[in-house]
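First the proteins, then the strands, lettered A, B, ... as listed; each starts at 1.
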Amino acid sequence: MGILNKLDAHIEPFESGNILITSADKLLNWSRLNSMWQMFFGLACCAIEMMATSASHYDLDRFGIIPRPSPRHIDIILISGTVTLKMATRIKRLWEQMPEPKYCISMGSCANCGGPYWEHGYHVLKGVDRIIPVDVYVPGCPPRPEALLEGLIKLQEKIRTQSLAKKVN
Amino acid sequence: MDIKEIQELLKSAFDEGIGEPVTDKPVDPYITVETGKIHAVCLFLRDEERLQFDYLSCLSGVDYDKDNLASVYHLYSFALNHKIVLKVIVPKSNPIVPSVYDIWAAAEWHERESYDLMGIVYENHPDLRRILLPEDWEGHPLRKDFKVPEFYNGMKIPY
């Protein structure tokens, strides 16, 4: 019954068992937010913290978040680090290849607003939100794994309130 | 061998184009070399029995002063454990320096970087393309007179 206890907000078990009643939205959202596959790439020092988050100590896998090597497999793109103008064109292209529904987390000061390169960084895009829409901003330089996990949980909360069935966000 | 001895050796091998060693600056002592001589001087430094500079540890471009750029060579000899710094100063209006790629292969990427960020053109380099910036970038951004453009491919650059 462990899984049903976890789901009690979404799904009601009948007393005689074997039948569950839920809404399509709740079921879809429950499955979506527990399997947010992530794009497998890092841009700068934030990527080190992202790797630490994925590794056994912080264990990103327990949220169902696993890195995938192709943009066609993924649900979320984690912009982990300084977005240079050269990389920005590649990020935009990756984003365009991702299937809907797709989400973006901007991790760290550089991806949020340019960070330490805000004034003299002729080669840095001052915030990844200038090229792709961002759902969650995680502040920090770089953010600790706990902060990144918090950002991912915030994104899960966002997905939980959305509706795929009604096509309204 | 210290820089004075190296400079005397160079002076005896080359008639002109070798500057005096500068030792009173808070940087490694250096010798200024004439642009046209740099390739021959580097070859001599590498192949001479008493010098054996077998390692180019760094090659960098510098915005030297108002009218000049410089290409700076940090050389080291593993065999004899001595080092030297050479500078070649070229005018911004015609920044052409002979490549030392055929002497130390390490120079290939260093010269590309110096070309990319400073705009120094290395003659006889086998593949002088930008190495860090995008290929369609305009200008050489580490020059002091570089103005950051407003847009790159539709992306706004200033904060």
Mark yes when over 12 heavy atoms from residues, nucleotides or ligands other than [X] sit less than 6.0 Å from its [atom1]; otherwise mark no.
X	atom1	answer
Arg50(B)	CZ	no
Phe63(A)	CZ	yes
Lys11(B)	NZ	yes
Lys83(B)	NZ	no
Tyr117(A)	OH	no

So, does Lys126(A) use its side chain to make a donor-acceptor pair with the main chain of Ile157(B) at under 3.5 Å?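 Yes, the answer is positive, given that a donor and an acceptor are paired below the 3.5 Å cut-off.
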Is [Y] reachable from [X] through a run of hydrophobic residues whose side-chain heavy atoms are each under 4.5 Å from the next?
X	Y	value
Leu86(B)	Tyr30(B)	no
Val134(A)	Met87(A)	yes
Tyr103(A)	Phe41(A)	no
Leu94(A)	Leu78(A)	no
Leu45(B)	Leu59(B)	yes

Separation between NE2 of His120(A) and OH of Tyr159(B), rounded to the nearest 0.5 Å: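 Result: 14.0 Å between the selected atoms.
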Measuring from Leu125(A):CG to Lys156(B):NZ, what's the distance to the nearest 0.5 Å?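 That separation rounds to 10.5 Å.
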Write out, in numerical order, the residues from residues 112-151 of chain B with a heavy atom short of 4.5 Å from a heavy atom in chain A.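 Interface residues of residues 112-151 of chain B: Leu117(B), Ile131(B), Leu132(B), Leu133(B), Pro134(B), Trp137(B), Pro141(B), Leu142(B), Phe146(B), Val148(B).
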Which of residues 92-100 of chain B have a heavy atom under 4.5 Å from any heavy atom of chain A?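 When heavy atoms of chain A are the reference, residues 92-100 of chain B contributes no residue within the under-4.5 Å range.
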For Leu85(A), is it the side chain, the backbone, both or neither that has a heavy atom under 4.5 Å from a heavy atom of chain B?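 When you check distances to chain B, atoms from both the backbone and side chain of Leu85(A) fall under 4.5 Å.
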